[in-house]
There are 2 protein chains.
Amino acid sequence: MQRAPEHLRFAVLAADVALFTIRDKKLYVRLMRVNRPPHFPDTSGLPGGLIREDETAEMAATRILAERGHIDASKVYIEQLATFSEVTRDPRSRVVAVAYLALVPWETLSSIEQSDSDEAFWQLVERAPKLAYDHDHVLRNAHERLRSRISYSTLICKIVPKEFTLSELQAAYESLRGEFLDKRNFRKKMDMLDVLTPLKKKRTGVRARPALLYRFTSPKVLITPQL
Amino acid sequence: MQRAPEHLRFAVLAADVALFTIRDKKLYVRLMRVNRPPHFPDTSGLPGGLIREDETAEMAATRILAERGHIDASKVYIEQLATFSEVTRDPRSRVVAVAYLALVPWETLSSIEQSDSDEAFWQLVERAPKLAYDHDHVLRNAHERLRSRISYSTLICKIVPKEFTLSELQAAYESLRGEFLDKRNFRKKMDMLDVLTPLKKKRTGVRARPALLYRFTSPKVLITPQL
DNA sequence: TCCTAACAGTGTATATTTGACACCCTCCCC
DNA sequence: GGGGAGGGTGTCAAATATACACTGTTAGGA
């Protein structure tokens, strides 16, 4: 395939990823350390990088998550968020970024992936610092989308482990929505939605009565009527 | 601002627009005649074109709507839909397209804008032909998004004229959802949502009892609980 | 072994929302 | 002034949402 004339190709394409996880009932996002004087000395940003000629934006997003975020993308759910094309969003040259919203269950991460390194680290979303480029904007956008989709789809199935107790699922909802829910009403609702399959196992190793484990009946993200 | 090295700039950027309107209670989309042998002889496509160096994708979308779709974008509501980056979506060269969902009230269009020309025309969505490039995919995506956002936001305010009767508003919902609603329940719901302001005017010139006119209290698209 | 902390699991009563359903009213036009 | 076209209105039953509190089971430590 030919390339278009050079003068029409003024921009480079990038993929940026807002990868969220829930750890200890709190929402975290994966950030990179960024140190690019003069504009962005000693700051942070979302994992991002350039799209290659033989890649779609989505392929680039998963590759970048692995290469730069050090997260194996095979466990990660990813969906397109939006494209950011402000002319000066990168002060060095014209960069148009396709941003992705990504989710991963903390429990599926390896201990290396769970830990912070010199390059990448997990950051509590509610304490996120100011980010480089327009990544503040991207992150807010991603967080907003996450919160709203959680309410009317089974998107949450992508951020909890395969097997979970109802209390764990409820805690995940609570982390994402930032409010507490009533245990009985939550269970009634889940029962009605009919998206969970009870397993024949229980959660052991906790100093309490073992709870029944469940999983989502379908791995797909389904649209549901509320909650 | 500098350009990035040439080898990183392999793609051109395009903006494609799916512009919808409601005419005679039916949903139409603005299409262009496309005749680009050998791949796309004698077919149709969404209005689209290349993004310029000094433009954001959204600026390009509105410019293209005017230049190619012959629709004055100042009356048009536009929001980003998604970015399509399949490597071979345009068989000639790598083109990454940022697609937009756009809405306009039929009544605000000039008679030139309402009419079809050699280049652009209005097409009943439910009878849309096969389109060039991946525009089928883009159109389905846009239609889907339109239908779903209509149900839980006041997005519909962007496709009805400023002033309307409740029956007209109901007809717009029905066109978009493809199903009929009960008049009394619809009015009860609208009343509860508390997003409409009744005017002191009535719709005249119809051969029937004049209906009270309303407008949306806020011109913004608000998230609402259902309908 | 017994106590207790920690969490699992369950039901009811009330308020709110949804959905089905039909008739008379007003105006314009002939 | 009669007819046609659309405007405007209320009730009941069913489904859903919300508020609310106690008993049961286990592991761990005294």
Side-chain angles (χ1 to χ4, degrees), chain A residues 22 24-26 107 150-154 160-161 163-175 177-215 222-227, chain B residues 22 24-26 107 150-154 160-161 163-175 177-215 222-227:
Chain A
I22 294 175
D24 196 20
K25 304 192 182 180
K26 288 193 281 289
E107 295 77 5
I150 279 298
S151 302
Y152 58 89
S153 77
T154 59
V160 295
E163 304 183 350
F164 47 82
T165 68
L166 288 176
S167 293
E168 288 162 3
L169 186 64
Q170 183 178 343
Y173 270 106
E174 288 170 341
S175 312
R177 314 211 341 184
E179 60 179 345
F180 293 101
L181 305 173
D182 178 83
K183 200 203 308 201
R184 281 172 290 187
N185 293 340
F186 176 78
R187 286 164 189 242
K188 213 187 308 170
K189 190 80 197 198
M190 281 298 141
D191 190 47
M192 277 212 303
L193 287 182
D194 197 31
V195 294
L196 300 182
T197 303
L199 304 181
K200 292 174 191 67
K201 296 189 270 178
K202 300 199 169 186
R203 166 77 70 224
T204 58
V206 288
R207 187 196 170 187
R209 172 177 172 186
L212 195 55
L213 289 168
Y214 291 80
R215 73 167 83 157
L222 305 171
I223 305 304
T224 62
Q226 221 57 354
L227 209 169
Chain B
I22 293 176
D24 196 20
K25 305 194 181 177
K26 289 193 281 290
E107 295 77 5
I150 279 298
S151 302
Y152 58 89
S153 77
T154 58
V160 295
E163 305 183 349
F164 47 82
T165 67
L166 289 176
S167 294
E168 287 162 3
L169 185 63
Q170 184 179 342
Y173 271 104
E174 288 170 340
S175 312
R177 316 214 336 187
E179 60 180 343
F180 293 101
L181 305 172
D182 178 84
K183 198 193 334 190
R184 278 171 294 186
N185 293 340
F186 177 79
R187 284 164 190 242
K188 211 190 309 173
K189 192 77 196 200
M190 282 298 140
D191 191 47
M192 277 211 303
L193 288 182
D194 196 32
V195 294
L196 299 182
T197 304
L199 304 180
K200 291 174 191 69
K201 294 191 270 178
K202 299 200 170 187
R203 167 75 73 220
T204 57
V206 287
R207 187 196 171 189
R209 172 176 172 186
L212 196 55
L213 289 168
Y214 290 79
R215 72 167 85 156
L222 306 171
I223 304 303
T224 61
Q226 225 49 1
L227 212 174

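Not measured: the values here are computed from a predicted model. Just so we're on the same page: letters track the sequence lines, and every chain starts at 1.
- Ring geometry for A/Phe186 versus A/Tyr173: interplanar angle over 60°, hence perpendicular rather than tilted (30 to 60°).
- Between the CG atom of B/Asp191 and the P atom of D/dG8 there is a distance of 13 Å, given to the nearest Å.
- Taking the side chain as every heavy atom from C-beta outward, B/Leu181 and B/Glu174 approach each other to under 4.5 Å.
- At C/dC7, none of the side-chain N or O atoms of A/Ser167 fall inside 4.0 Å of OP1 or OP2 (strictly under the cut-off).
- Between A/Arg203 and A/Glu168 there is a salt bridge, since at least one side-chain N of the basic residue sits less than 4.0 Å from a carboxylate O of the acidic one.
- Residues B/Lys26 and B/Ser175 share a closest heavy-atom pair of N-OG, 4.2 Å.
- Between B/Arg203 atom CZ and D/dA5 atom P the separation is 19 Å, expressed in whole Å.
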(Q) One character per nucleotide, please: for nucleotides 10-19 of chain D, 5' to 3', B when the base has a protein heavy atom closer than 4.0 Å, S when only the sugar-phosphate does, - otherwise. (A) BB-----SBB

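- For residues 178-188 of chain A, the set of pairs meeting the salt bridge (Lys or Arg N to Asp or Glu O under 4.0 Å) definition, not counting sequence neighbours, comprises A/Arg177-A/Glu179.
- Put simply, CG on B/Leu169 is 13 Å from P on D/dG8, counting in whole angstrom units.
- The heavy-atom pair separating B/Ala172 from B/Val160 by the smallest distance is CB-CG1, 3.6 Å.
- B/Ile150 contributes atom CD1, which lies 9.5 Å from atom OG1 of B/Thr224 (distance to the nearest 0.5 angstrom).
- The OG atom of A/Ser151 lies 11.0 Å from the CD1 atom of B/Ile223; values are rounded to the nearest 0.5 Å.
- Look at CG on B/Leu213: it is 12 Å from C1' on D/dG7, rounded to the nearest Å.
- Using a 4.0 Å heavy-atom criterion, one finds that B/Leu212 contacts the sugar-phosphate atoms exclusively.
- By the 4.0 Å N-to-carboxylate-O rule, A/Lys201 lies close enough to A/Glu163 to be salt-bridged with it.
- The distance from atom CZ of B/Arg187 to atom P of D/dG7 is 7 Å, rounded to the nearest whole Å.
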Enumerate all atom pairs, one protein N or O and one N or O from nucleotides 23-30 of chain C, separated by less than 3.5 Å.
| residue | atom | partner | partner atom | Å |
| --- | --- | --- | --- | --- |
| C/dC25 | O2 | B/Arg209 | NH1 | 3.2 |

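- Residue A/Glu168 contributes atom CD, which lies 12 Å from atom C1' of C/dA8 at whole-angstrom precision.
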